[in-house]
Protein chains: 2
Amino acid sequence: MTTARSAPATRERICGAAEALFMAHGYEATTLRSITAAAGVNLAAVNYHYGSKEELFRAVLTRRLDPMNQRRVDLLDRAEREAGGRAVACERILAALLVPALELARDPRTGGNDFLRLLGRAYADPAPFIRRFLSEQYATMIARFKSAFALALPHLPRKELSWRLHFIMGALSYTLAGTDALKLIAELKPRETANDEVLLRRLAPFLLAGLKAPLPDLSEVTAELDGALVAPARR
Amino acid sequence: MTTARSAPATRERICGAAEALFMAHGYEATTLRSITAAAGVNLAAVNYHYGSKEELFRAVLTRRLDPMNQRRVDLLDRAEREAGGRAVACERILAALLVPALELARDPRTGGNDFLRLLGRAYADPAPFIRRFLSEQYATMIARFKSAFALALPHLPRKELSWRLHFIMGALSYTLAGTDALKLIAELKPRETANDEVLLRRLAPFLLAGLKAPLPDLSEVTAELDGALVAPARR
DNA sequence: AAGTCAATCAAACGATTGTTTTAATCCTAA
DNA sequence: TTAGGATTAAAACAATCGTTTGATTGACTT
């Protein structure tokens with residue numbers, strides 16, 4: 001295919017430099033000139049190899065997102081196979097969701113932690129093309145996991161499960177995207193913050209407990225919430 | 001102070017228009033020209049009244065963030081007063097954290113939901129001045145709540161508590177920032193997504209369970225996590 | 001009624017953005 | 001070696017950005 005020997009090198013170096021810079025400054029604030037300068041290539045190379053800045057961003061995300069989500073589905077597949085016809089335990093399902101992210105963060109080839117931060121930030125990006133892209137990337141995977149959780153938690157209404165899955169994705173992406181700004185919350189040294197393995201080992205029990213939490217009472221009001229709500233205090 | 005009658009009107013209209021546009025497109029992608037056009041004022045008015053785009057953004061955040069965080073601390077104060085010397089129940093502390101956000105979302109005067117989305121997005125923004133601003137805004141409030149939780153959960157190591165508080169803020173801000181892109185996760189109609197009261201009533205039990213979850217075993221490996229990790233599958 | 005000062009306006013500033021163009025260069029296949 | 005397509009290079013493209021300038025307005029004080 002690509003005839004020249006050094007041809008793919010340029011593409012790869014652009015992608016790598018773009019990943020680091022997108023993660024450091026976000027999509028809008030990262031200029032093509034800074035990317036090409038960091039990659040040591042000509043400015044026009046981006047539009048030549050990728051067509052546009054948007055497509056470059058999609059390529060950066062896809063390169064790591066596709067294998068990670070595929071691995072998630074694979075792990076879930078195997079768990080279901082091993083479970084025979086019975087429901088897979090919540091722990092196993094959740095592990096299938098978290099472990100590929102952990103593996104990615106560990107992978108020394110990649111700027112793993114950097115990418116997960118970039119991904120976490122992309123979740124909150126309002127740019128339509130980013131939102132559309134992520135929706136497409138995640139649609140099938142999320143559907144599979146929702147079905148698996150529904151089997152494992154038969155007492156949980158479907159809508160409640162949807163919400164809890166939403167909360168899980170929230171805590172996960174926010175935690176991964178967390179930079180040093182909110183370091184003060186965790187009182188952690190930067191080295192520890194970057195250690196995603198410990199992070200996920202703490203996150204898993206937290207999420208698991210939330211997933212198995214008793215149903216909220218939505219008909220009548222929760223005592224604590226309304227006790228505070230009816231209060232006159234306006235200061 | 002402000003002598004002219006219509007003087008404050010311009011400032012306010014700029015702030016309101018900026019809030020809506022920042023929320024819709026993010027900080028970088030929002031131009032001063034679109035803000036002044038939406039507010040019906042001259043382009044130079046922003047620099048005249050606020051000095052710069054950054055200061056305008058800070059003003060937009062402060063206008064609603066300051067009262068909300070103050071209200072959080074006030075609610076916690078009252079709960080501690082009512083508890084006498086004893087520890088406040090986790091439910092009460094969590095309610096003090098969530099209720100002001102709920103109140104803000106309900107307030108018809110404000111574009112409440114819009115602002116919470118803007119805030120959730122700001123958490124993930126890498127711009128240094130934004131991160132610095134949020135750190136300063138949240139530092140004291142977070143410290144107060146961490147101490148309260150530490151009293152309510154004496155068995156929980158301080159570091160573990162820091163992490164769980166981090167997860168809580170993550171699920172909260174991500175959920176509030178959630179736009180329609182991940183609507184498919186929750187299979188919810190847009191109207192329901194915008195209803196933040198139901199959202200928080202579902203979120204509170206989820207977070208409470210996570211907060212009270214048993215301690216993770218960090219010395220030896222969790223069975224489920226490692227069962228998947230040691231697997232050879234690379235596909 | 002003259003003067004003062006904050007507020008608004010149109011216009012332009014210099015810098016930077018993503019993208020395109022045109023020519024030079026490289027590597028491979030004939 | 002030579003023809004030819006793929007890649008790189010330098011330069012300019014039009015558009016847009018945040019900010020500043022200098023003139024003009026209008027309400028209030030003396």
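Each chain gets a letter, A, B and so on, in the order its sequence line appears, and its residues count up from 1. What you see below is based on every heavy atom in this structure, not just the backbone, and it leaves out hydrogens, waters and symmetry mates.
Not counting sequence neighbours, A:N42 has no partner by the side chain to side chain donor-acceptor pair (under 3.5 Å) test. Under the rule for a ring-ring contact (aromatic ring centres under 6.0 Å, His included), B:Y48 has no partner lying at least two apart in sequence or in another chain. For B:R72, the side chain to side chain donor-acceptor pair (under 3.5 Å) partners are B:N69, not counting sequence neighbours. Here B:F57 pairs with B:F22, B:Y27 under the ring-ring contact (aromatic ring centres under 6.0 Å, His included) rule; sequence neighbours left out. For B:R63, the salt bridge (Lys or Arg N to Asp or Glu O under 4.0 Å) criterion is met by B:E12, B:E19, not counting sequence neighbours. Partners of B:A37 by side-chain contact (heavy atoms from CB on, under 4.5 Å), not counting sequence neighbours: none found.
Rounded to an integer number of Å, the gap from CG of A:L56 to C1' of C:dT19 is 14 Å. Regarding B:R11, its CZ atom lies at a distance of 15 Å from the P atom of C:dA6, rounded to whole Å. Between the CD atom of A:E12 and the P atom of D:dT7 there is a distance of 14 Å, rounded to whole Å. Distance OH (A:Y50) to C1' (D:dT7): 14 Å, rounded to an integer number of Å. Atom NZ in B:K53 sits roughly 15 Å away from atom C1' in C:dA15 (whole-Å rounding). One can place CD1 of A:I14 at 8 Å from P of D:dT8, the figure rounded to the nearest angstrom. Whole-Å rounding puts the B:N47 CG to D:dT20 P distance at 6 Å. Between B:H49 atom NE2 and D:dG18 atom P the separation is 18 Å, expressed in whole Å.
For the pair A:R202/B:R164, no side-chain contact is recorded, criterion being any heavy-atom separation below 4.5 Å from C-beta on.
When the side-chain nitrogen and oxygen atoms of A:T10 are compared with OP1 and OP2 of D:dT7, none of them lie within a distance under 4.0 Å.
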What would the secondary structure line of DNA chain C be in dot-bracket form, counting Watson-Crick and G-U wobble pairs under 3.5 Å, with [ ] for pairs that cross earlier ones and | for pairs with another strand? .|.|||||||||||||||||||||||||||

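Residues of residues 27-46 of chain B that place a heavy atom closer than 4.0 Å to DNA chain D, in numerical order, are B:T30, B:T31, B:L32, B:R33, B:L43, B:A44.
Within the structure, salt bridge (charged side-chain N to carboxylate O under 4.0 Å, His left out) pairs that include any residue of residues 36-53 of chain B do not occur (at least two apart or interchain).
Annotation: the span from B:R64 atom CZ to B:L116 atom CG amounts to 9.5 Å, rounded to 0.5 Å.
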